[in-house]
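What follows is a single structure, written as structure tokens, with notes after it.
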Amino acid sequence: MRNFTSVHDIEDLNVALEKAKWVKDNPYANQDLGKNKTLLLIFFNSSLRTRLSTQKAGYNLGMNVIVLDINQGAWKLETERGVIMDGDKPEHILEAIPVMGAYCDIIGVRSFAQFENKKDDYNEVILNQFIKYSGKPVFSMEAATRHPLQSFADLITIEEFKKTDCPKVVLTWAPHPKALPQAVPNSFAEWMNATDYEFVITHPKGYELEESFVGNAKVEYNVEKAYKGADFIYAKNWSPYNDPNYGKVISKDRDWTVDSKKMALTNNAYFMHCLPVRRNMIVTDAVIESSQSIVIQEAANRVVSAQTVLKEILLGLA
Ligand code: AN0
Ligand code: CP
């Protein structure tokens, strides 16, 4: 594997799941693979899980890890070519990227949608510049349109907890005070569509995801119908994709909050969320604290997904 930015970089999902299981059972078995290899993690946005789990994955593989928060201590980066740089940005990303590439063997990038220009967001301009100009393998730690390490961890978690071969998995929109990207739901949908699961997406009108991510999923606007018989409820807020509301908040309807009443309609479903989660907006205290909540196990599997991917990239370097 050279770069990892979506499920399309995985040749065979079942093989990838087997590899992940092996990595989980043998976390320190490949310490020589990363010896004298440097992993650079670049954050344009905040993070708790991705930062810690990816660092940990690198250490488990024997790598040296460097973390840089672009907005804390680095120079502010100009990202547009052709600009007369007489403003507040002292460095251009076109120099910064190859310089960063010179200091490492693999680069992870977190760069959220900016909601200024939908075309730029959906063309992944920042992530793709890293791929083009760094000279090194690049993996996404959540980019503008996808969060593949999260989705891979989500899939690993569902495989661990599922009680039938093809569980019913429901992705439900839930309210949030601020506009959030579509990356997590887009990516989750893309990975679920690559499985044999029964996959349903439910959200208020106006929150339709981009159609290539929806794929063959069933879209159900009636939230109660969607929950019925579900084995997994995967909650997430996102802002609208469609114009004219791209990246805006058009609903904070708490009827969509995951609560015990709706969970009672399910097949004793497990509750999942990528975290961070706003309690009593996205999910009630009772549901997230219940024995059906597997958000911590899900977050723990972020080490497994990151380590499985890093291992494949390291094998490609050898
Ligand atoms: C981010 C998002 O929704 O994309 C990161 C989630 C992993 N969440 C927030 O900004 C709260
Ligand atoms: N789920 C996730 O990616 O969390 P962070 O934003 O804290 O990294």
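Just follow the structure's listing: the first ligand is 1, and inside any ligand the first atom is 1.
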Heavy atoms under 4.0 Å from ligand 2: which residues qualify?
S47, L48, R49, T50, R110, H147, Q150, C274, L275, R302
State whether the number of non-hydrogen atoms from other residues, nucleotides or ligands found under 6.0 Å of K228 atom NZ is greater than 12.
no
Sequence neighbours left out, what passes side-chain contact (heavy atoms from CB on, under 4.5 Å) with D285? Give chain and number order.
R279, N280, E289
Looking just at side-chain N and O atoms, do S290 and Q292 make a donor-acceptor pair shorter than 3.5 Å?
no
Below 30° counts as parallel, above 60° as perpendicular, anything between as tilted: where do the rings of W173 and W256 land?
perpendicular
Exceeds 12 heavy-atom contacts within 6.0 angstrom, atom CG of N222:
yes
Return all side-chain donor-acceptor pairs below 3.5 angstrom for residues 311-318, not counting sequence neighbours, or 'none' if the list is empty.
from, atom 1, to, atom 2, distance (Å)
K311, NZ, N30, OD1, 3.4
E312, OE1, K19, NZ, 3.3
E312, OE2, K19, NZ, 3.4

Is the NZ or CZ atom of K162 both under 6.0 Å from the centre of the six-membered ring of F232 and within 45° of that ring's axis?
no
Is it true that Y241 and E211 share a donor-acceptor pair across their side chains at a distance under 3.5 Å?
no
Pairs under 3.5 Å, N/O atoms on ligand 1 and on the protein: can you put them in a table with the distances?
from, atom 1, to, atom 2, distance (Å)
ligand 1, 3 (O), K236, NZ, 2.7
ligand 1, 4 (O), E142, OE2, 2.6

So, T50 versus R302: side-chain donor-acceptor pair below 3.5 Å or not?
yes
